[in-house]
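Each remark here refers to the structure printed beneath this line.
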2 protein chains.
Amino acid sequence: MSTQRRLTTTSYALLSQLSLRPWSTYELAGQSARYFRYVWPRAESAIYREVKQLAKAGLVDGRKEYVGRRARTVYSISKAGLAELREWLDTPPSPFAMEFEGMLRLFVAPVAEAGQVEAALKQVRADNQEMLTFAGEVKQEYLDGRGALQDQVYVRALAIDFFANLLNTVDDWAARALDEIARWDSHSVEERNERAMSILAQVPVDTPAQPTTETPVVPDSQRRSARYPRG
Amino acid sequence: MSTQRRLTTTSYALLSQLSLRPWSTYELAGQSARYFRYVWPRAESAIYREVKQLAKAGLVDGRKEYVGRRARTVYSISKAGLAELREWLDTPPSPFAMEFEGMLRLFVAPVAEAGQVEAALKQVRADNQEMLTFAGEVKQEYLDGRGALQDQVYVRALAIDFFANLLNTVDDWAARALDEIARWDSHSVEERNERAMSILAQVPVDTPAQPTTETPVVPDSQRRSARYPRG
DNA sequence: TAACGTATACTATCGTTTAGAGTATGTCAA
DNA sequence: TTGACATACTCTAAACGATAGTATACGTTA
């Protein structure tokens, strides 16, 4: 019953899912692979490990069921689990983070062979297309009334809206970047840099009013765990 | 000299940085904290560990320098390292991935107390503002001609363009989502779901032409390591 | 001139997480 | 009855993160 170990966001992600309805571990792993993968990617084995620990901590109840001779465990959230979940909801979420190897490829451009960076960015667009196709399928599932947790479309629609827009933004950028790269061959580094300055000037973000007195330090919005501040 | 262990993307990120010029480990850790953090976030200790292994594998050369009695090691890429890097550039990049706890918070909305999800999304916007401020500072640094690797603005400008657009997209979404959440109080779940259907219909992604015969399986664009396919 | 705070430059350790393979049972179609 | 595929997990090495700790250098202030 007592919560020994500190819970991770992965714990809460599972508690969240289980707060909506009971699931078997296999189903949870499936949901993770199909949907959660995009916002909170975790290995399949981590799901199995994690629910077991949640059960040990008394935050979820496991019930063995049988399909023929094959057993499976169906979990549901416990009162203690729901309380934990509610407490988590009073803490600020950890900030948006990403891994984008495509950008690493771009950074090596000065020492890459012609075409290598281009190929990487084309791959980025291909991946994006694949994900957009998936998003389109999910959109259609909900429009057809056969989406997962269809009774919560009012929540899920916002998630689909998020992804479609995000993927389009990334794709638009990749297209722009490919356009620029195509010009590199016929321009010197100096010419490219001059052009870059006007691209920079048009980047949709305000520059600081007073010149930053010195190079700002390491960004701080790292991991958080405290409650929301005062108001 | 022989590469025993399989290199990770973290290895290649460091090789990339070292291919542009030599850096001390401390500088590499600093660059990682300041810039790479956003595309390939790794712990400081991981940087120190990794360069040492790259040195052991003969992919980088370390030279001890002294400031008084305090030693530091400055690394530069070796021929073998450059060859490895070039091979990596011939492999497709791993797909874009993210962690977005804010979305997890949204998913629990049906069991959350009023205001909890709203607070989470406001935090998302605050974090975004912070990152946008940082992007603005970096933009100004390059416009002033004092950015890191300023002679490569033609590459770095594209990265700043990426971030500004991405952050704006996330922020716009969060604002839209907050607008929707504000309506929840005065509407039943049925009314919310009805509204969600029209939001869904306007999501900027095409739905599949032929109805997806069955629920599509686990997305495949998982980790890759092979070369680009044929042509 | 001593003390203090901050930046530099790391090392060490422990626990967690991932990737990937492996095991075993059940279902269905050819 | 064989094989493909889905279900339902377990196991392990290597990668990674968090945290603490050590030590030197340098500038400011008391």
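What you see is a predicted model; the values in this text were computed from it and never measured.
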What is the separation between atom [atom1] on [X] and atom [atom2] on [N], rounded to the nearest whole Å?
| X | N | atom1 | atom2 | value |
| --- | --- | --- | --- | --- |
| A:Tyr66 | C:dT25 | OH | P | 13 Å |
| A:Arg37 | C:dT17 | CZ | P | 19 Å |
| A:Ile47 | C:dT17 | CD1 | C1' | 11 Å |
| A:Glu99 | D:dA15 | CD | P | 15 Å |
| B:Phe36 | D:dC16 | CZ | P | 15 Å |
| B:Trp23 | C:dA9 | CH2 | P | 14 Å |
| A:Leu28 | D:dA8 | CG | C1' | 12 Å |
| B:Arg42 | D:dA18 | CZ | P | 11 Å |

Apply side-chain contact (heavy atoms from CB on, under 4.5 Å) to A:Asp171 and list each qualifying residue two or more places apart in sequence or on a separate chain.
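Result, side-chain contact (heavy atoms from CB on, under 4.5 Å) vs A:Asp171: A:Arg125, A:Asn128, A:Gln129.
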All side-chain contact (heavy atoms from CB on, under 4.5 Å) counterparts of A:Ala71, not counting sequence neighbours
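Partners of A:Ala71 under the side-chain contact (heavy atoms from CB on, under 4.5 Å) test: A:Lys64, A:Tyr66.
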Shortest non-hydrogen separation from B:Pro208 to A:Gly136 and the atoms involved:
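B:Pro208 and A:Gly136 have their closest heavy atoms at CD-O, 3.4 Å.
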Could you go through nucleotides 9-12 of chain D and list every protein N or O atom that sits under 3.5 Å from one of its N or O atoms, giving the distance for each pair?
from	atom 1	to	atom 2	distance (Å)
D:dC9	OP2	A:Thr73	N	3.2
D:dT10	OP2	A:Lys52	NZ	3.1

Any residue meeting ring pair (Phe, Tyr, Trp, His ring centres under 6.0 Å) with A:Tyr75, in chain and number order, not counting sequence neighbours
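Partners of A:Tyr75 by the ring pair (Phe, Tyr, Trp, His ring centres under 6.0 Å) criterion come out as none, since no residue qualifies.
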Strictly under 3.5 Å: I want the nitrogen or oxygen pairs between protein and nucleotides 26-29 of chain C, one per line.
from	atom 1	to	atom 2	distance (Å)
C:dG26	OP1	A:Arg69	N	2.7
C:dG26	OP1	A:Arg70	N	3.2

Test of understanding: with salt bridge (charged side-chain N to carboxylate O under 4.0 Å, His left out), list the residues that count as partners of [X], not counting sequence neighbours.
| X | answer |
| --- | --- |
| B:Glu65 | B:Arg72 |
| B:Glu44 | none |
| B:Asp61 | none |
| A:Lys52 | none |

Where along residues 13-21 of chain B does a heavy atom fall under 4.0 Å from DNA chain C?
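Hits under 4.0 Å, by residue number: none.
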Side-chain donor-acceptor pairs under 3.5 Å in residues 15-33 of chain A, sequence neighbours left out?
from	atom 1	to	atom 2	distance (Å)
A:Ser16	OG	A:Tyr12	O	2.7
A:Ser19	OG	A:Ser16	O	2.6
A:Trp23	NE1	A:Gln17	O	2.9
A:Trp23	NE1	A:Arg21	O	3.0
A:Ser24	OG	A:Glu27	N	3.1
A:Glu27	OE1	A:Ser24	N	2.8

Mind checking what makes side chain to side chain donor-acceptor pair (under 3.5 Å) contact with A:Glu118, not counting sequence neighbours?
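Expected list: A:Lys122.
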cation_pi(A:Arg156, B:Phe107) dist<6.0 Å, angle<=45
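Judged by the rule (NZ or CZ under 6.0 Å from the ring centre, within 45° of its axis), A:Arg156 counts as positioned above B:Phe107.
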